[in-house]
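First the structure, in the form of structure tokens, and then the observations on it.
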There are 2 protein chains.
Amino acid sequence: MKTLSIKDIAVKAGVSITTVSFIINGKAKEKSISEAVIKKVEEIIKESGYKPNQIARSLRTGNSNIIGLIIEDISNSFFSRIARLIEDKAYKKGYKIIYSSTENNVEKAKELINMFKSRKVDGYIISPTKGIEDDIKVLLADNKPVILFDRNLSELETHYVGADHFKASYQSIESFIKKGKKKIALVTTDIDVEQIIERFEGYKQALVDHNVDFNDGLVLKIHFNQDESETIAQMKSLFLAQDIDAVLFATNYLAISGLKALKQLDKQIGDNFSVIAYDDHEVFELHTPSISAVQQPLEEIAETVIQLILSQLSSKTKLENQKVIIPAKLIER
Amino acid sequence: MKTLSIKDIAVKAGVSITTVSFIINGKAKEKSISEAVIKKVEEIIKESGYKPNQIARSLRTGNSNIIGLIIEDISNSFFSRIARLIEDKAYKKGYKIIYSSTENNVEKAKELINMFKSRKVDGYIISPTKGIEDDIKVLLADNKPVILFDRNLSELETHYVGADHFKASYQSIESFIKKGKKKIALVTTDIDVEQIIERFEGYKQALVDHNVDFNDGLVLKIHFNQDESETIAQMKSLFLAQDIDAVLFATNYLAISGLKALKQLDKQIGDNFSVIAYDDHEVFELHTPSISAVQQPLEEIAETVIQLILSQLSSKTKLENQKVIIPAKLIER
DNA sequence: TTGAGATAGTAAAACGTTTTATGAAGAAAC
DNA sequence: GTTTCTTCATAAAACGTTTTACTATCTCAA
């Protein structure tokens, strides 16, 4: 069963390919095609079930109605939820999303950008890894819209949307201090991206501002791609070695590993030991006791990202760069 | 900065476009291009950073090296984990994945298939919704590989990979009965797809085989797209009205809502009240007490799916349909 | 009666590849 | 010295669209 082409429609309708094309693209009026012809062609299209070949269309027009979404890991619930929201909203505007995970690996990220580029996506939404700056600059030089989210790369002149990581982290620590906590640990990762650094800075600043000494020994940096069992072991020794009374986990998966570690140690979370997780997760609400968490405004992030990329796509000129920082919310449980 | 085309390379190398194309596609030997020319062209390609335009390539060859993955909801951890695994494995074989969520909505699923079709994806991996049969038949008639997973549509003559839902459900109920449970509830959804039905059948059959009366009042069917608050309310009234001593949740998100309901009721999970969730989730391991769950073999499902689709893609003839049923594992916690 | 707009439509180029068919030059065979 | 292979390479068609530039006919005013 050969698939239909615009030519088949033209022949069937007894008009030229051009005419059919105008009608398909809603330019019939503008190009003064008669009502009668429009009606006839539309009918034939409908009953034959003809769908334009998007590949050919992309080749000719140079755009694809596809937005590339590059994230760290689709199986992380933060990203999968954002992806779902973005997909939804884009879909309503006639754009499709194609997404892929970088696993925080620069090489893979570069390959993905190349793949998207050679597939002529119209725009890019990226939660970038370090080291990808030059590749993104090439995209920008090529006049492609790029929206960064979750983590900024400040050297790049483009749009960014993310939560106020510094402040959320600051407030978390402040809430510990107000509860009288003195030895507050931070468990974070060793990946060198802006949002992680900001969470760290927020932690430090809050301590300084409240006259609590910053102690390097209370900060545990977990290696990004390591086995969970090793992560748990490292956390256990942190929790055992120091008489910590509070801990902030800088990502949700670290918090989950942390809860496992605490469970293994039989260490109770409660008045003597407080925990806050960065990025909320269903686990935290259901956990006994429930766990406080920094809830990122997923809906607003997704909405802003989409709105920025769509307006950039529909504008002929480069819009002024927006850096949108959205407050995150500390959910105390 | 104009992007390079094969023509630019040809000009720069002083050879024809054809020659460059042969070299790019590894047909240089076969077409007897001299070593000298090959070397020269390859060098120019490398230093200029030329990448073939995949759109043009797809238009000409009719395939895209893209596999379309259609799932119910990317923000559901079962699907996002499968997606990640599939993406990974496909990537290694030179295929890209583009995925989209149906939200279990037939209309959206149809649109997605159309979109993928007009983008000429090479093959389809689908966790189907009911009502999509005819659209899939069209794909099959068009000789496109289609692999169904998670839920089968038995009327379709194509490959399927999924867990043994009937047996897993049966064993779950059996384990309840062995513990002496008498009033065993099932909380499931009202969507009419095979894997949900099988879980229900497994539940019924296990009861019958062990001489426990099947009682319709112990089965709660939750409407698919309803608000969680309503779901929780319905569960609460089930748990209150009947002196249930065990419950099997047919999906992980239902189990999570169920745990919330139990928490609100202050009902303890333990010797007097057992719970099993279908589809494991981090929540269940961490929960106090931890929750038993049916763990689907994600890795094997992904591996089998990819292996089937790749062999179908590389085979000229239609391979015999495979229906691969992989055992699921009951993790007792 | 002319000519200036409208009106209704089309032919053909272009997008960047792959692939088929063809050919030129030299070597080998007769 | 013609024929026949090899070897090395290319021209041009094709994929299915969009878009530019063009033509032909009609209408209406002067």
Side-chain angles (χ1 to χ4, degrees), chain A residues 2-42 45 48-66 114-115 117-122 142, chain B residues 2-42 45 48-66 114-115 117-122 142:
Chain A
K2 283 268 300 122
T3 60
L4 294 169
S5 80
I6 194 172
K7 192 172 170 185
D8 300 312
I9 304 298
V11 169
K12 211 173 281 184
V15 299
S16 75
I17 290 180
T18 309
T19 302
V20 177
S21 174
F22 285 154
I23 293 172
I24 289 171
N25 293 292
K27 299 193 179 160
K29 289 273 147 58
E30 173 190 339
K31 300 288 181 178
S32 59
I33 306 292
S34 70
E35 278 303 333
V37 171
I38 296 181
K39 194 147 269 169
K40 177 149 114 213
V41 170
E42 278 176 346
I45 289 178
S48 68
Y50 164 71
K51 293 273 187 303
N53 179 329
Q54 298 294 339
I55 300 275
R57 190 177 261 190
S58 289
L59 178 60
R60 173 61 228 228
T61 64
N63 43 45
S64 57
N65 271 1
I66 292 188
N114 269 330
M115 161 204 163
K117 203 158 55 173
S118 63
R119 294 230 145 69
K120 306 290 170 197
V121 304
D122 295 347
D142 200 23
Chain B
K2 285 268 299 118
T3 60
L4 294 166
S5 80
I6 195 172
K7 192 173 170 187
D8 301 312
I9 304 297
V11 169
K12 210 173 281 184
V15 299
S16 74
I17 290 181
T18 310
T19 303
V20 178
S21 174
F22 285 154
I23 294 172
I24 289 171
N25 294 292
K27 299 192 179 161
K29 289 271 148 57
E30 173 190 338
K31 300 290 181 173
S32 59
I33 305 292
S34 70
E35 277 303 334
V37 171
I38 296 181
K39 194 148 269 169
K40 178 149 112 209
V41 171
E42 278 176 345
I45 289 178
S48 67
Y50 163 74
K51 294 273 187 307
N53 179 327
Q54 298 295 338
I55 299 276
R57 190 176 263 188
S58 289
L59 178 60
R60 175 59 231 230
T61 63
N63 44 44
S64 58
N65 271 1
I66 291 187
N114 269 330
M115 160 202 163
K117 203 159 54 173
S118 62
R119 294 232 144 69
K120 306 291 169 195
V121 304
D122 294 347
D142 199 23

Going from [atom1] on [X] to [atom2] on [Y], what distance comes out if it is rounded to the nearest 0.5 angstrom?
{"X": "Leu59(B)", "Y": "Thr61(B)", "atom1": "CG", "atom2": "OG1", "result": "8.5 Å"}
{"X": "Phe22(A)", "Y": "Lys31(A)", "atom1": "CZ", "atom2": "NZ", "result": "4.5 Å"}
{"X": "Asp8(A)", "Y": "Ile45(A)", "atom1": "CG", "atom2": "CD1", "result": "11.5 Å"}
{"X": "Asn25(B)", "Y": "Glu30(B)", "atom1": "CG", "atom2": "CD", "result": "10.5 Å"}

What's the verdict on salt bridge (charged side-chain N to carboxylate O under 4.0 Å, His left out) for Lys40(B) and Glu35(B), showing C-alpha distance, side-chain angles and the deciding distance? CA-CA 9 Å; Lys40(B) 178 149 112 209; Glu35(B) 277 303 334; over 6 Å; no

Tell me: [atom1] of [X] to [atom2] of [N], nearest whole Å?
{"X": "Glu30(B)", "N": "dT19(C)", "atom1": "CD", "atom2": "C1'", "value": "11 Å"}
{"X": "Gln54(A)", "N": "dT17(D)", "atom1": "CD", "atom2": "P", "value": "9 Å"}
{"X": "Asn65(B)", "N": "dT17(C)", "atom1": "CG", "atom2": "C1'", "value": "14 Å"}
{"X": "Asn63(B)", "N": "dT17(C)", "atom1": "CG", "atom2": "C1'", "value": "13 Å"}
{"X": "Ile23(B)", "N": "dT18(C)", "atom1": "CD1", "atom2": "C1'", "value": "14 Å"}

Ignoring hydrogens and geometry, is there a side-chain-to-backbone donor-acceptor pair from [X] to [Y] under 3.5 Å?
{"X": "Ser118(B)", "Y": "Lys51(A)", "answer": "no"}
{"X": "Ser58(B)", "Y": "Gln54(B)", "answer": "yes"}
{"X": "Thr19(B)", "Y": "Val15(B)", "answer": "no"}
{"X": "Asp122(A)", "Y": "Asn65(A)", "answer": "yes"}

List every contact pair, protein side and nucleotides 22-25 of chain D side both N or O, where the distance is under 3.5 Å.
none

Do Asn63(A) and Arg57(A) have side chains that approach each other closer than 4.5 Å (heavy atoms only, starting at C-beta)?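 Of all side-chain heavy-atom pairs linking Arg57(A) with Asn63(A), none is under 4.5 Å.
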
Would you mind reporting whether Ile23(B) and Val37(B) have side-chain heavy atoms less than 4.5 Å apart?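 Yes. Closest side-chain heavy atoms under 4.5 Å.
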
Does Ser21(B) make a side-chain N or O approach to OP1 or OP2 of dT18(C) shorter than 4.0 Å?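 Ser21(B) to dT18(C) OP1/OP2: side-chain N or O found under 4.0 Å.
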
Per-nucleotide protein contact string for nucleotides 7-16 of chain C (B base, S sugar-phosphate only, - none; heavy atom under 4.0 Å): -BBBBBBBBB

Degree of bending in the helix from dT1(C)-dA30(D) to dC30(C)-dG1(D) once both end axes are built from five pairs, to 10°: 70°

Contact class for Lys27(B) vs. all strands (heavy atom < 4.0 Å): base, sugar-phosphate, or nothing? sugar-phosphate

